[in-house]
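Side chains included, hydrogens not; waters and symmetry mates left out as well; all remaining heavy atoms used.
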Amino acid sequence: ALRFDGKVVVVTGSGAGLGKAYALEFAARGAKVVVNDLGGSGHGEGSSTKAADLVVEEIVKAGGEAVANYNSVEDGDKIIETAISTFGRVDVLINNAGVMLLPDLSHTADGFETTIGVNHLGHFLLTNLLLDKLRASKPSRIVNVSSLAHEKGKMDLCDLNYATKPWDSMGAYRQSKLANVLFSRQLAKLLPKVTC
């Protein structure tokens, strides 16, 4: 099995679901993991604020190393601070946190429509803040988690926030997943020494 001994992996949205599975698997393969979660599962209200702590506890009990971080992906500098102050580097970034099919139009603290804000813009910011660390840790890797919903996505660069058109939760989700794919393709072109 592929090993990640000594590598530091940041996984956003890793208090539950796929993110938790990624965190546990990387730890089982020797990585030191930053378990990032907002509100417990990355899915908003009603989530346990202890989810990341429980994942860290599970990793440590199995003999691994991990630390919890409860900042949103929009607060990328605080996620990086946790990673660097605890482990000194970042080798792998898994941009996984996301929301889907929000019933009502809502906005992030920065004023962006929540779906595009959480699923793409926050990860865009976090990735750009981490680029120097990832370049220095070569070989390094960035993984942007998307879905087949991108195939029906349409980027509306004139109105990402649904300010002038009716709210469409599936349309917003598809757009955010297309943004993930486009971002990944551009990173692959711009960063020949970082696998994306």
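- There is a side-chain donor-acceptor pair under 3.5 Å between Asn95 and Thr127.
- A single hydrophobic cluster is not seen to contain both Val92 and Val90; linkage of ILVMFWY side chains at heavy-atom distances under 4.5 Å, directly or through other members, places them apart.
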Task: Trace of the side chain to side chain contact (heavy atoms under 4.5 Å, CB included) decision for Val60 with Glu65 - done: CA-CA 6 Å; Val60 171; Glu65 292 182 62; over 6 Å; no

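- Proximity of a side-chain donor or acceptor of Ser176 to a complementary backbone N or O of His120 within less than 3.5 Å is not detected.
- For Asp91 (side chain) and Ser140 (main-chain N/O), no donor-acceptor pair under 3.5 Å exists by modelled atom type.
- A donor-acceptor pair under 3.5 Å is absent between the side-chain atoms of Trp167 and the main chain of Ala172, judged by distance alone.
- Of all the heavy atoms in Asp75 and Asn71, the pair that sits closest is CB-CB, 4.0 Å.
- A donor atom on one side chain and an acceptor atom on the other are found under 3.5 Å apart for Ser184 and Asn144.
- Lys7 forms no cation-pi arrangement with Phe4, by the criterion of a distance under 6.0 Å to the ring centre and an angle within 45° of the ring axis.
- At a threshold of 4.5 Å between non-hydrogen side-chain atoms, the residues Val194 and Lys138 do not count as touching.
- No option in Ile79, Val35, Asn36, Asp53 other than Asp53 meets the side-chain contact (heavy atoms from CB on, under 4.5 Å) test with Tyr70.
- Contact detail for Val118 and Gly98: the closest heavy-atom pair is CG1-CA, 4.0 Å.
- Put simply, the side chain of Val99 reaches to within 4.5 Å of the side chain of Asn119, judged on heavy atoms.
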Open item on the list: Pair Val56, Val67 - check side chain to side chain contact (heavy atoms under 4.5 Å, CB included), show working.
Closed with: CA-CA 6 Å; Val56 168; Val67 63; 5.5 Å; no

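- Looking at Lys32, its side chain never comes within 3.5 Å of a backbone N or O of Phe87 through a donor-acceptor pair.
- Leu131 is listed as a side-chain neighbour of Arg135, based on a closest heavy-atom distance under 4.5 Å.
- Here the CD1 atom belonging to Ile94 is positioned 10.0 Å from the CD1 atom belonging to Ile142, to the nearest 0.5 angstrom.
- Dense packing is recorded around NZ of Lys165, with more than 12 heavy atoms of other residues, nucleotides or ligands lying under 6.0 Å away.
- Side chains of Thr195 and Lys193 form no contact here, defined as non-hydrogen atoms less than 4.5 Å apart.
- Gly15 and Val55 make their closest contact through O-CG2, 3.9 Å (heavy atoms, listed as atom of the first residue, atom of the second, distance).
- A donor-acceptor contact shorter than 3.5 Å is absent between the side chain of Asp110 and the backbone of Phe112.
- Taking a 6.0 Å sphere around NZ of Lys177, one finds it holds more than 12 heavy atoms contributed by other residues, nucleotides or ligands.
- Using modelled atom types, one side-chain atom of Asn161 and one backbone atom of Glu113 make a donor-acceptor pair closer than 3.5 Å.
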Task: Stepwise side chain to side chain contact (heavy atoms under 4.5 Å, CB included) test for Val181 and Arg185 - done: CA-CA 6 Å; Val181 172; Arg185 291 184 65 174; 4.3 Å; yes

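- When all heavy atoms of Ala68 and Ala52 are compared, the pair lying nearest together is CB-CB, 3.9 Å.
- Counting only heavy atoms from C-beta outward, the side chains of Thr82 and Lys78 never approach each other to under 4.5 Å.
- A distance-only check finds no donor-acceptor pair linking the side chain of Tyr173 to the backbone of His150 [under 3.5 Å].
- Nearest heavy atoms, Thr12 versus His123: OG1-NE2, 2.8 Å.
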Task: Full working for salt bridge (charged side-chain N to carboxylate O under 4.0 Å, His left out) between Asp168 and Arg174 - done: CA-CA 10 Å; Asp168 175 5; Arg174 288 172 173 161; over 6 Å; no

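- When all heavy atoms of Leu125 and Glu74 are compared, the pair lying nearest together is CD2-O, 3.3 Å.
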TODO: Mind running side chain to side chain contact (heavy atoms under 4.5 Å, CB included) on Gln175 and Thr115 for me, showing each step along the way?
DONE: CA-CA 9 Å; Gln175 174 177 253; Thr115 311; over 6 Å; no

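- Between Leu178 atom CG and Ser147 atom OG the span is 10.5 Å, to the nearest 0.5 Å.
- Proximity of Arg29 to Leu2: side-chain heavy atoms (C-beta onward) are separated by under 4.5 Å at one or more points.
- In the hydrophobic clustering of ILVMFWY residues, with side-chain heavy atoms under 4.5 Å counting as a link, Val143 and Val10 come out apart.
- If you take CD on Glu25 and CD1 on Ile59, they are separated by 11.0 Å, rounding to the nearest 0.5 Å.
- Using modelled atom types, one finds a donor on one side chain and an acceptor on the other under 3.5 Å when comparing Thr114 with Ser106.
- Within the model, atoms CG of Leu93 and CD1 of Ile80 stand 8.5 Å from one another, a figure rounded to the nearest 0.5 Å.
- Using modelled atom types, no side-chain atom of Ser137 and backbone atom of Leu134 make a donor-acceptor pair closer than 3.5 Å.
- The backbone N or O of Phe124 sits less than 3.5 Å from a side-chain atom of Asn128, completing a donor-acceptor pair.
- Residue Arg141 qualifies as open at atom CZ: its count of foreign heavy atoms under 6.0 Å is 12 or below.
- With values rounded to the nearest 0.5 angstrom, Leu121 atom CG is found 12.5 Å from Leu126 atom CG.
- When the side chains of ILVMFWY residues are joined at heavy-atom separations under 4.5 Å, either directly or via intervening members, Leu129 and Val73 end up in two distinct hydrophobic clusters.
- The closest side-chain heavy-atom distance from Val145 to Tyr22 is below 4.5 Å.
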